[in-house]
Amino acid sequence: MGHPLNVDKGVLLDVQTHEEHGKSIVDVFIRGPMDGSLIQRVSDFNFPPYFYISIIPSAKPAKVEKELSEETLPGGIKPVFVRKVEKEKVVYLQMGFASIAELVRARDGILTYPFVQSLHESNIPYTKRYFLDKRLRPYSMVEIERDKNGNIQKIKNSDEPAPPLRTGAFDIETYGKFSRISPEKDPIISIAISCGAGKKVFLHAPYADAITISQPDEKTMLESFLTFTRLADLDILYTYNGDHFDMPFLVERTKKYHIPIDFGHSGIQLIGKGTETSARIHGLQHVDVYQLVRLLVRFQFFKSPRLDLESVMRAVFGEGEKTLTHKGITEIWENQKGFDVLAKYNLTDAEYTQRLGTEFLPLLMELARLVRQPLFEVNRATASQLVEILLMHESVELNQLFPNPPTHDQVEGRLQNPIEGGYVKEPVAGLHTNLAVLDYRSMYPSIMISHNISPDTLDCVHSECKKGANLSPTGHWFCTQRKGLLSVVLERILDQRIEVQKQMDVLPKKDTQQIVLKARKQALKILLNSFFGTLAYPRFRWYSRESASAITAWARHYIHQTLDWAEKDGFTPTYADSDSAFLLLPKPKTEEDVKKFVEKVNKKLPGRMELEFEGLYERGLFVTKKEGKAAKKRYALASYDHELTIVGFEYVRRDVSIIARETQKKVLEEILINGNPKKAHDIVLGVVKRLREGKVPNKELVVLTQLQRRPENYAATAPHVSAAIKAQKRGKEIVVGQMLGFIITKTGKSISDKAELEEFVKEGDYDAEYYIQNQVIPAVEKIFAELGIDSTDLERGGKQTGLGAFV
DNA sequence: TAATTCGCTAGACCGA
DNA sequence: TCGGTCTAGCGAA
């Protein structure tokens, strides 16, 4: 003690681990401040992995502590420490081990001791543990004190601003005779990289230009690429589906040539998770933009029918074209001609990846900061993982133990017993005028905060809570005296959102800080919206059936109450779904009356709950289902400034052809905006005619459906499955989870027989009657029916009258 | 090993 | 050949 320590400062990039002499060691990666010096790796030798045990009441903690400290556990494992800890007035023993491997072995052994009751926090990933216990914030500055051996003595966050990180994207093009490409035999033809240091294409062919570097062979090409990337000195490397394609391919090819795969530090670690793999680079964050896109699509940040690079570019930036197919690449290689096209295509993909990465990085970064995990983890995380880590941080803060994950039997039991969801009111079918839409802002989270819903406040011992404001319609209640873990975290998120919004409001619109703030707001929204789902998720550590049921019960209560109150105030409740209410305004009622009503409701709502006036619509259409009842979750609204909102209808479904969707949209526009059903009818007649004449291009006829399992695992052969099987027989590789685009052709008996993947269908070879009877007419007939228009004449191409309705 | 339930519709399948 | 039932996929919230 007392001797001077080295102090390092830098941006915390990553935490990883390695084993040395049977000991698990934590490696912290930082980038030095402003001068942009290279990434440093600093090790912490003094962070033994540990777990907690609880002991039976008759055993004395002090005695057990002493006994276990000297004990050799089954497998010859000696704990490196055993100490008593108290969490919420209960004494546990914390046991540390030299390595993760030893901890894993001790996990089973320890349960054989008769005085051991239960095991806790025994499966927390080691690096996660480090972030949790050291309270580290990634991508912020940290201060590290080191001893004279260079080992970490102390690590803590610092509030200095962190410099921006360096990013780059790469993409490989490979050759493969058949559609199944394998890195064991097929070469990489070219590699493109786009980053701050420049843009380059490394091509293993006789072609060069300003950015394309011709290499004599694949080995040299790989080496040049790695050297260039190392010199670029990146913090973040983007790929598009690199986890499953580029990275494993690169690993395999470099292995073949005995090239050390080195991006500046160690290498790539391919992590296998079932059928999923991910590629982790030491000291450099590999952000797979495809994974990120999947995350964002799940959270409904944007919608894209397909998730290939070009489709996503179009969905996000409105531009992006696929200029080369796999077949095209194969031909270029075989004919050794057209490398300029290949190089351009390769670079474009790398640039697209870089653009998308840049677009979404602020959000990913904010998410990573909020949950205090590296980009790599957050990039590949799911909603429940994000919420889980957030709750773990809070638990550590409050000195609470994490609940153990449920056992298999517990999960099964929970699955058998699902909770009741939201209330959906059957709408009044027909075309309505002057319709107000109200909705509860973040309804489930606001209920959780307002009623203090959390597993740790459920059915508390206080007798007054049992009768208080937090007694739910289910009969369970939540403490009114002590705040719950989940509600505390949620309320903080909500407060942070409000704070961010305030900052955004005072800053100029163009201020660069706005991007970060917007991203933070989005990240907070993602977290906010994930809590309820995870609480009702059977595998979740903090699963609580009672809590989740109470939330939905309260939600049903509040929406019912809103409808009742609205009716009493003279509005006509027309429809409701979970957190929204649709009210028809009878004659003298105005927008002002609705707003007054909303205000009145808000005065009676508890805590953070809030009803919002979403908008007033000139027209709203609800249709009737097959069986005669009004359909829920399908409607169309036209605002007073002629904006059309279409919900649930074929128009928003990717598994309906464009011709049917666009026709439906036009019909809705004519009816709801232009008030011209006659024109709508004529439009459909025109489409029917064009279909019969074979004039509709194939791309308007494609039906997209996801193949959710292997073709042989389907009980019934649906059209997309049939099309997939036929394509497979022709040598096309079909992957589970893939989006299949098919067309119903003229040849075959059943619809499935006629289904073929679009790439195998000649232009014009479609079954016009199928598209008329099964796509276009079903999409419009219910709409016409609400106006009293018979659409049977449509099927016959308008030869029957049926137009009497328009007169 | 990774968020929920509610609801609609298409198309295959099966028995009368 | 029909009508009911079941499987599957997708969207709303």
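Here is how names work: the chains are called A, B, and so on, in the same order as the sequence lines, proteins then strands, and each is numbered from 1.
Counting any heavy atom pair closer than 4.0 Å across all strands shown, Gly533(A) reaches a base atom. Using a 4.0 Å heavy-atom distance criterion, Tyr635(A) is classed as a sugar-phosphate-only contact. Backbone-only engagement by Tyr770(A) is indicated by non-hydrogen atom pairs under 4.0 Å involving sugar-phosphate atoms exclusively. Pro305(A) comes within 4.0 angstrom of nothing in the nucleic acid, heavy atoms only. Within the 4.0 angstrom heavy-atom criterion, only backbone atoms of the sugar-phosphate kind lie near Lys632(A); the bases stay farther away. Looking at heavy-atom distances under 4.0 Å, Thr552(A) makes no contact with the nucleic acid at all. Ile419(A) comes within 4.0 angstrom of the backbone, heavy atoms only, and of no base. Counting non-hydrogen atoms under 4.0 angstrom, Thr705(A) reaches the backbone sugars and phosphates but no base.
A salt bridge does not link Lys746(A) with Glu756(A): every distance from a Lys NZ or Arg NE/NH1/NH2 to an Asp or Glu carboxylate oxygen is 4.0 Å or more. Remark: Asp655(A) engages Arg653(A) in a salt bridge, criterion side-chain N to carboxylate O under 4.0 Å.
Taking only side-chain atoms of Phe532(A), from C-beta outward, the nucleotide of dT4(B), dG11(B), dA2(B) with the closest atom is dT4(B). Of the candidate nucleotides dT5(B), dA2(B), dA13(C), dT5(B) has the atom nearest to the side chain of Pro418(A). The side chain of Ser384(A) approaches dA2(B) more closely than any other nucleotide in the set dG11(C), dG9(C), dA2(B). Of the candidates dA3(B), dG11(B), dC6(B), the closest approach to any side-chain atom of Asn774(A) belongs to dG11(B). Ranking dT4(B), dA12(B), dA2(B) by closeness to the Ser752(A) side chain, first place goes to dA12(B).
The side-chain hydrogen bond (donor to acceptor under 3.5 Å, both in side chains) check on Asn774(A) picks up nothing, with sequence neighbours excluded.
Test Tyr651(A), Phe622(A), Tyr617(A) against Tyr635(A) for ring pair (Phe, Tyr, Trp, His ring centres under 6.0 Å) and you get one pass: Phe622(A). Screening Arg634(A), Arg661(A), Lys782(A) for a salt bridge (Lys or Arg N to Asp or Glu O under 4.0 Å) involving Glu650(A) leaves a single residue, Arg634(A).
Listed by residue number, the members of residues 650-667 of chain A with any heavy atom below 4.0 angstrom from DNA chain C are Val652(A), Arg653(A), Arg654(A), Asp655(A).
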Scan nucleotides 5-8 of chain C against the protein and return all N/O pairs shorter than 3.5 Å with their distances rounded to 0.1 Å.
| residue | atom | partner | partner atom | Å |
| --- | --- | --- | --- | --- |
| dA8(C) | OP1 | Arg709(A) | NH1 | 3.0 |
| dA8(C) | OP1 | Ala715(A) | N | 3.1 |
| dA8(C) | OP2 | Arg709(A) | NH1 | 3.2 |
| dA8(C) | OP2 | Arg709(A) | NH2 | 3.4 |

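To the nearest angstrom, P of dA12(C) lies 14 Å from CG of Asp579(A). Counting to the nearest Å, the P atom of dT5(B) and the CG atom of Leu415(A) are 9 Å from each other. Rounded to an integer number of Å, the gap from Leu486(A) CG to dA3(B) P is 16 Å. What separates NZ of Lys525(A) from C1' of dA13(C) is a distance of 12 Å, to the nearest Å. Between Tyr543(A) atom OH and dA3(B) atom P the separation is 15 Å, expressed in whole Å. The distance from atom OH of Tyr423(A) to atom C1' of dA12(C) is 16 Å, rounded to the nearest whole Å. Atom NZ in Lys625(A) sits about 11 Å away from atom C1' in dC6(B), given to the nearest Å. dT4(B) atom P lies 14 Å from atom CZ of Arg545(A), rounded to whole Å.
For Gly422(A) and Asn529(A), each mapped to the nucleotide of DNA chain B holding its nearest heavy atom, the one lying further toward the 5' end belongs to Asn529(A).
Of the N and O atoms on the side chains of Gln385(A) and Thr382(A), at least one donor lies less than 3.5 Å from an acceptor on the other residue. Under 3.5 Å, the side chains of Asp409(A) and Thr407(A) contain no donor-acceptor pair of N or O atoms. Checked by atom type, the side-chain pair Ser311(A)/Asp308(A) shows a donor-acceptor distance below 3.5 Å. Ser657(A) and Gln775(A) share a side-chain donor-acceptor pair at under 3.5 Å. Between the side chains of Tyr440(A) and Thr562(A), at least one donor-acceptor pair of N or O atoms lies under 3.5 Å.
Close to dC6(B), at under 4.0 Å from its OP1 or OP2, lies no side-chain N or O of Lys633(A). At dA12(B), none of the side-chain N or O atoms of Thr717(A) fall inside 4.0 Å of OP1 or OP2 (strictly under the cut-off).
Ring pair Tyr575(A)/Phe582(A) is perpendicular by interplanar angle, where above 60° counts as perpendicular and below 30° as parallel.
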